[in-house]
Amino acid sequence: MGRGKFKGKPTGRRQFSTPDEMIAGTSSRPRSFKQEEAEHVESEESEEESGEESGEETEKRKGTESVIQIENPNLVKAKNLKAKDADASKTTELSRREREEIEKQKAHERYMRLQEQGKTEQAKKDLERLALIRQQRAEAAKKREEEKAAKEQKKAEARK
């Protein structure tokens, strides 16, 4: 019991149970939670069994949907198909965006192939520039060699 005028806060220390403790059943939760959880699990299992026996599918509805019948034409119910029920021969249509994206990728691949072969205008310009640069470099190298040879010749003459 606390002393003085003010009471201690009831929120004191909190102890959290680990998943291992929860599985083992040794968690520090009050027993009432364990009992309620066990009853909840048992009731779900019995509902599943009774649902399987009757063969009827009941959908759980959120909020007031169970009370009010909603006829929303925009509401699309999810269709759960099993792998064995799915038609492999049936092809799904692509959306406009997906089609455009695929066409864009194919066009880019086609352009890159032509670029590699040197058939596009861009590739032709690049090859012309490359040839011009190679020619300039060859001329510069030739000029350097001539200058080097001229220097060596002057050195040789100076020695004599």
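Side-chain contact between E147 and K143 is present, with heavy atoms from C-beta onward closer than 4.5 Å.
Salt-bridge annotation for K104 and E100: absent, with no side-chain N of the basic residue lying under 4.0 Å from a carboxylate O of the acidic one.
When every heavy atom of A123 is checked against every heavy atom of G118, the shortest pair comes out as CB-CA, 3.6 Å.
From Q105, atom CD reaches atom CZ of R110 across 12.0 Å, with rounding to the nearest 0.5 Å. Going from atom NZ of K125 over to atom CD of Q122 covers 6.5 Å, rounded to the nearest 0.5 Å. Atom CD of E101 is separated from atom CD of E103 by 10.5 Å, given to the nearest 0.5 angstrom. One distance of note links CG of L127 with CZ of R129; it measures 9.5 Å at 0.5 Å rounding.
For the side chain to side chain contact (heavy atoms under 4.5 Å, CB included) with Y111, the qualifying choice from E109, Q115, R113 is Q115, the only one to do so. When each of Q117, E121, E116 is checked for a side chain to side chain contact (heavy atoms under 4.5 Å, CB included) with K119, only Q117 meets the rule.
Of the possible polar contacts, none joining the E152 side chain to the A149 backbone as a donor-acceptor pair under 3.5 Å is found. The backbone N or O of K142 lies less than 3.5 Å from no partner atom in the side chain of E145, so there is not a single donor-acceptor pair.
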